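As structure tokens, the structure follows; a few thoughts come after it.
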Amino acid sequence: MARGERSEEAWAWYSAVYEAIQEIPHGRVTSYGHIARLVGKPECPRQVGVCLKHLPSPSTDPSKKSSTWHSGNVPWQRVLNARGGISPRGPDGASRQASALRAEGVEVEQNSMREYTVDLSKYGWFPDMLPSEAGQVESSDDEDEEAAAYHT
DNA sequence: CTCTTGACGAGGT
DNA sequence: AACCTCGCCAAGA
């Protein structure tokens with residue numbers, strides 16, 4: 001199976017990841033690992049990065065059919081590593097992500113190693129599961145981290 | 001076709 | 001606390 005073209009399996013993986021990322025509220029951030037967990041592959045945070053790497057640009061290319069997902073409708077900038085930092089990858093990539101985050105009110109700091117970081121305790125978004133899929137919300141007693149970062 | 005490489009992360013040394 | 005290893009799996013080379 002999966003020999004015709006991009007296997008449907010891979011497609012499904014990408015879709016799930018992009019959809020999960022779209023669930024991240026404006027002005028909040030989460031980690032690759034968390035997205036991986038949300039889509040049922042807690043051991044594959046790496047693959048989440050792969051998805052973003054291949055995220056199409058929103059570039060209005062007439063010859064190209066409109067991709068369902070692109071950097072224009074997928075808040076890729078809200079995905080950071082587990083430490084709340086923006087991974088180095090490209091020299092300009094990190095700064096671009098930092099700008100995008102700041103543009104939506106997220107405070108992005110820069111440590112001595114010129115690495116951008118975000119305070120996860122303040123902007124982190126780590127629900128147990130996707131709000132869209134959460135049929136039941138276990139209203140426990142301690143869920144105040146959500147309220148910690150409201151008000152822009 | 002095989003081999004290496006990652007927008008990562010947890011666990012072990 | 002720094003560094004090493006493994007898991008995972010799609011893409012490039």
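For clarity, every value in this text was computed on a predicted model and none was experimentally measured.
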Donor-acceptor under 3.5 Å (Q97(A) side chain, V79(A) main chain) | yes
Between E104(A) and G27(A), is there a donor-acceptor pair closer than 3.5 Å when you use the side chain of the first and the backbone of the second?
-> yes
Ignoring hydrogens and angles, does a donor from either the side chain of Q47(A) or the base of dC8(C) sit under 3.5 Å from an acceptor on the other?
-> yes
Side chain to side chain donor-acceptor pair (under 3.5 Å) partners of E107(A), counting only residues at least two apart = K122(A), Y123(A)
R83(A) atom CZ, neighbour heavy-atom count above 12 within 6.0 Å = no
Closest-nucleotide 5' rank along DNA chain C - winner of P45(A) and H54(A) = P45(A)
Quick one: ring-ring contact (aromatic ring centres under 6.0 Å, His included) pairs with a partner in residues 33-56 of chain A, sequence neighbours left out?
-> H34(A)-F126(A)
Would you say R28(A)'s side chain and G124(A)'s backbone share a donor-acceptor pair under 3.5 angstrom?
-> yes
Heavy-atom contact window of chain A on DNA chain B, given 5' to 3' at under 4.0 Å | dG6(B) to dG9(B)
Below 3.5 Å, can you tabulate the donor-acceptor pairs from side chains in residues 38-46 of chain A to any protein atom, sequence neighbours excluded?
none

Using the P atoms only, state how far dT4(B) lies from dT5(C), rounded to an integer number of Å.
-> 16 Å
For residues 77-84 of chain A, which residues have at least one heavy atom under 4.0 Å from DNA chain B?
-> N81(A), A82(A)
Contacts of type side chain to side chain donor-acceptor pair (under 3.5 Å), residue Q47(A), not counting sequence neighbours = none
Pairwise C1' distance for dA7(B) and dA2(C), with rounding to whole Å = 23 Å
When P42(A) and R46(A) are each assigned the nearest nucleotide of DNA chain B, the 5'-most assignment goes to R46(A)
